[in-house]
Protein chains: 2
Amino acid sequence: MTAEEKIKEAARTVFHKKGFAATRTRDIAEEAGINLALLNYYFRSKKKLFDIIMFESFQSFFYTMKEVFNDDNISLEVKIETFVARYIDFIVEQPDLPIFLMNELRNNAEELFRRMDLRNFFQASSFFKQYQERIKAGHPLPSLLHFLANVMGLTVFPFITKPMLQYVGDLDEPDFREFVLERKKLIPTWIKKMYL
Amino acid sequence: MTAEEKIKEAARTVFHKKGFAATRTRDIAEEAGINLALLNYYFRSKKKLFDIIMFESFQSFFYTMKEVFNDDNISLEVKIETFVARYIDFIVEQPDLPIFLMNELRNNAEELFRRMDLRNFFQASSFFKQYQERIKAGHPLPSLLHFLANVMGLTVFPFITKPMLQYVGDLDEPDFREFVLERKKLIPTWIKKMYL
DNA sequence: AAATGTTTTAATCAATTGTTTAAATGTCTT
DNA sequence: AAGACATTTAAACAATTGATTAAAACATTT
């Protein structure tokens, strides 16, 4: 692995764990096992390195959603099932990602959303069309935004409140893992029942 | 208002908005309109001031929950309705609070939870007893932890993803406010349907 | 092998940041 | 009003931080 790759990987790890403001360039250099000056040599500044990590992290966070929501061959129900299951698996592997993103998106969010063409993606997605058709057919669904907030909330929120849930439920790491994995099956059934 | 009060209020504002690491003591002094040295005069250090704000913020975040969950005179259904409505109103007034707490609770969370006796509170609450009785009576409820994660997720998550929801839904501030206030009525109906 | 360009290093810089100091101002007691 | 105490201020300090520099090490080309 080249020094440049080592730095990027270390930056991702440390930024995800501590956020931009709490991260020192020296933390990244140490995590990467490289000389501090190489960070500026390859990436110019802490901010420029962060912007790269931020963009890629946000992109990876929405990659699953994009893939599933744009698959024309599966129904709305299967989309939800697939989305929830893949999302939970994804976050289990990158547990720091949700809080990192929610926290850093407090600033500069809009520019990033524009760069990723977020609004257009949703409105042009197979998911969106299926949802609109379902409403036309007379199903009493809530607005798409409520629906999105609900599916994502049920899926992502437990990871964001992990410390609290672990303490209240007295769960160790394997317990917590089991807890969120259970939700792969539970959330789709809940969603279906919600909108009977 | 005394200087000490001004500092605390300013500290709450700035810490909530930017988090501990991104906040400069000079930011707080400026926001409070006081001389920088007064911060250390009254609170010794940035960290000690932060710890006070953190404790009070977390306490205020759980005050509503404590009050509602321990009211013996109302049913489980009314508890949920009351909790959701009061929580949404509360966060509308303090929109920076959820992300601030979730973010800062990544570190030192357990000590704070212990100080607030969080686990005991839930297990001794009227809500907990009612929930257990409902299960004994044969209702197919999920574990209490799933239930908590669901209610809180549906309630709090939209505030955490506010920038994204605003962008995707093209909502201005009044639109977003309307969006979350709608959920005061919607969430309790969804919760009921989920557990038919 | 000499020359050229790239990567890495140790040392240093300038700016920022949390905190302290010592003097000045204000307030209350006697 | 004088003295005692608390509050406020401007200035400074020491440590940290992001970034730069100039030289060294390494690799590639001629």
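Note on naming: letters A, B, ... go to the chains in the order of the sequence lines (proteins, then strands), and numbering restarts at 1 for each one. The structure displayed is predicted, hence computed values, not measured ones.
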If the cut-off is 4.0 Å, is A/T25 near the phosphate of D/dT17, judged by side-chain N/O to OP1 or OP2? no
Lys/Arg-Asp/Glu bridge criterion (N-O < 4.0 Å) met for B/D89, B/K184: yes
By nearest nucleotide on DNA chain D, pick out whichever of A/R24 and A/R44 is the more 5' one. A/R24
Charged N-O contact under 4.0 Å between A/E30 and A/R24: no
Can you tell me the distance, in whole Å, between the CD atom of A/E30 and the P atom of C/dA10? 14 Å
Whether the B/N150 and A/R183 side chains hold a donor-acceptor pair (N or O, under 3.5 Å, no angle test) is what I'd like checked. yes
Polar atom pairs (N or O), protein with nucleotides 4-7 of chain C, under 3.5 Å:
residue : atom : partner : partner atom : Å
C/dT7   : OP2  : A/Y41   : OH           : 3.1

What nucleotide among C/dT19, D/dT9, C/dA10 has an atom nearest to a side-chain atom of A/N35? C/dA10
In whole angstrom, what separates B/I34's CD1 from D/dA6's C1'? 16 Å
Of the non-hydrogen atoms in A/P158 and A/T155, which two are nearest, and what is the gap between them? CD-O, 3.6 Å
Check the distance between D/dT21's P and A/N40's CG and give it to me in whole angstrom. 11 Å
Within 45° of the ring axis of A/F20 and under 6.0 Å from its six-membered ring centre, is that where the NZ or CZ of A/K46 lies? yes
B/E4 CD to D/dA6 P, in whole Å, measures 14 Å
Strictly below 4.0 Å, N to O, side chains only: are B/E110 and B/R115 in salt-bridge contact? no
From CG of A/L39 across to P of C/dA10 the rounded distance in Å is 16 Å
What's B/T23 touching, base or sugar-phosphate or nothing? Going by heavy atoms closer than 4.0 Å. sugar-phosphate
Would you kindly give the CE-to-P distance between B/M1 and D/dT8, to the nearest whole Å? 12 Å
Kindly check if the number of other-residue, nucleotide or ligand heavy atoms within 6.0 Å of NZ (A/K17) is above 12? no
Find the distance A/K46:NZ to D/dT20:P and express it as a whole number of Å. 15 Å
Does C/dG18 have OP1 or OP2 sitting under 4.0 Å from an N or O in the side chain of B/S45? no
Hey, are B/E81 and B/R86 close enough for a salt bridge, meaning a charged N less than 4.0 Å from a carboxylate O? no
Have a look at A/L36 and say if it touches a base, only the backbone sugar-phosphate, or nothing, with a 4.0 Å heavy-atom cut-off. base
5' to 3', nucleotides 21-26 of chain C under a 4.0 Å protein heavy-atom cut-off (B base, S sugar-phosphate only, - none) gives B-----
Taking ring pair (Phe, Tyr, Trp, His ring centres under 6.0 Å) as the cut-off, I'd like each qualifying pair that reaches into residues 150-172 of chain B, sequence neighbours left out, listed once. A/F113-B/Y167
Between atom CG in B/D27 and atom C1' in C/dT16, what is the gap in whole Å? 12 Å
